[in-house]
Amino acid sequence: MPSVYIKTYGCQMNERDSEAVAAQLVAKGYTLARGEATADVILLNTCSVRDLAEQKALRKMENVAAEVRRHRPGVVLGFIGCMAQSRGQELIDRLPDVDLVVGTQKFHRTADYLDDILAGRRAKIVDVAEEQGSEATIRQHLLNGNAQKAATAFVSIMQGCNQYCTFCIVPYTRGPERSRTIPDIVAECRELAERGVKEITLLGQIVTSYGRRRSPHPAFPPAAPQPLAQSATNATAPQGGESKGARLAGSSAGAHDDKSPFVQLLEAVHQIEGLERIRFTSPHPKGYGDDLIEAYGRLPKLVESAHLPVQSGSDRVLKLMHRGYTRQRYLGIIEKLRHCQPRMGISTDIIVGFPGETEDDFQQTMSLTREVEFDQVYLFKYSPRRDTPAAEMAGQVPQPVKEERNQRLLLLVNEIGRRKYEQLVGQQMQILVEGPSRKNPARMMGRTRSNKIVVFDGSERHRGQLLEVRITRAGSFTLYGDPTVINLD
Ligand code: 5AD
């Protein structure tokens, strides 16, 4: 059978999509190649969030195509994911060696399309159409194909985004919000737990919007049969898009009416036996209600970690970005979170150089960064995206100014990070061991509940274990530790 290599750019959603595509191919008998040099099929799963990510993938495909066409003309080349969705046929017009372009609602069709191309039934395939119910098709995992047991897994709970931040291309590449049902998600999580997964990260573009929009179609009914009385209740339930969305929660919804569907989902996943930790990414500050904050105090498996993208510290810029919250509201959420869980790890995304950002606006981002003392910040220089409102806004910031602001903020972020990580030296912390350290495979790595990486001297037998370690040293956004009790089984 042919072998396939998938290279992934961008976010965790993309990682998850690649895994689902790989699992689908393995189920059909394909093998996974270690690298592109030995693969019969090379797929690039692309990111469109910034121009840089698109350029990287385009350049990579150019290089791969040049090599493949010279030495291995039978190799199939494809683009999948966000850039495939936004550029479609244009990608083949530009790079005629490309055989396949699969958009974000068609990942589950990839295996069939490859079969068609490899069998010579079709030459080129571009499929970037919308598909009802596609949010429920990203469900296969690679666990079976893995020699090593995975301790952690991603589970996609929804697709798309309705927020339309003015800088962001995602609503156009991923489509409108569509949520899977709670029973469907719980079934997937339960199966993962049964196969030894200890930690699940629930994924979506904006997970706090989970289930708030009624699905436009009842294509995926809950696994448990719905009592008739429930249907009657549904018929009279409020029909507005912002209704509490209890419909998605299935028959237990009545008891939870005051909680958002996302918190209802967390509660349902929390009940799964064998599962030790629950994470999610990304929430939106706008949707971070008290019910979610309170869940941290109530659900012990929900780890003390939040990735809460702020984007800017200036109210004026936040408004131009269409973020839907103010600096004060954001700081209020952070305060409540830390009140509920003092050890809360908080990370964020920040964009510098958004159109119209003045030095004063930037200083407000600096001061917010100082005030919150983020554990980790992902910094982005604003990149104009096709068809987004911000790309047309007046006051585009010159590249050197973006670079310079990025540098200044980076220095601050690193200084805060160093201080925060140093403070943990000497403490005892729980980690879940994920596998060998990426930088030094002779050592093992795990993650604290607050999402900090800890490297320690261990071995394969530690994989999947929850270990208590004592932190001995802090490096750059990495901790080093010693297990406090050596577990010998
Ligand atoms: N330019 C720069 N950064 C962007 N992001 C999204 N769109 C853009 C853009 N046009 C960043 C945001 C988001 C993260 C995933 O990518 O910070 O949270």
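Side chains are part of it too, since the values below use all heavy atoms of this structure and drop only hydrogens, waters and symmetry mates. When a ligand or atom number is given, it counts from 1 through the structure's own listing order.
Residues M445 and P436 have side chains not in contact (no heavy-atom distance under 4.5 Å, counting atoms from C-beta outward). Looking at heavy atoms from C-beta onward, C168 lies out of side-chain contact with Q163 at the 4.5 angstrom threshold.
Of the N or O atoms in F167, one or more lie within a sub-3.5 Å distance of an N or O in ligand 1.
Contact atoms of ligand 1 toward R50: 1 (N), 2 (C), 3 (N) (distance under 4.0 Å to a heavy atom of the residue). If you number the atoms of ligand 1 from 1 as listed, the ones under 4.0 Å from a heavy atom of R385 come out as 10 (N). Residue V49 approaches ligand 1 through these ligand atoms, each under 4.0 Å from one of its heavy atoms: 4 (C), 5 (N), 6 (C), 7 (N), 8 (C), 9 (C), 10 (N), 16 (O).
Protein heavy atom nearest atom 1 (N) of ligand 1, with residue, atom name and distance: S383 N, 2.9 Å. For atom 2 (C) of ligand 1, the nearest non-hydrogen atom of the protein is K381 O, 3.3 Å. Nearest protein heavy-atom contact of atom 4 (C) of ligand 1 is I351 CD1, 3.7 Å. Here the protein heavy atom with the shortest distance to atom 17 (O) of ligand 1 is Q311 OE1, 2.7 Å.
For atom 3 (N) of ligand 1, the nearest non-hydrogen atom from the set Y382, F380, Y378 comes from F380. Selection from T388, I350, D349 by nearest heavy atom to atom 14 (C) of ligand 1 gives D349.
Judged by the 6.0 Å distance and 45° axis criteria, K7 is positioned over the aromatic ring of Y9.
A centroid separation of 6.0 Å or more is found between the aromatic rings of F167 and H322.
Donor-acceptor pairing under 3.5 Å is lacking for the side chains of Q407 and E403. Between S367 and R327, the side chains place a donor N or O and an acceptor N or O closer than 3.5 Å (distance only, hydrogens not considered).
Heavy atoms of other residues, nucleotides or ligands lying less than 6.0 angstrom from CD of Q427 number more than 12.
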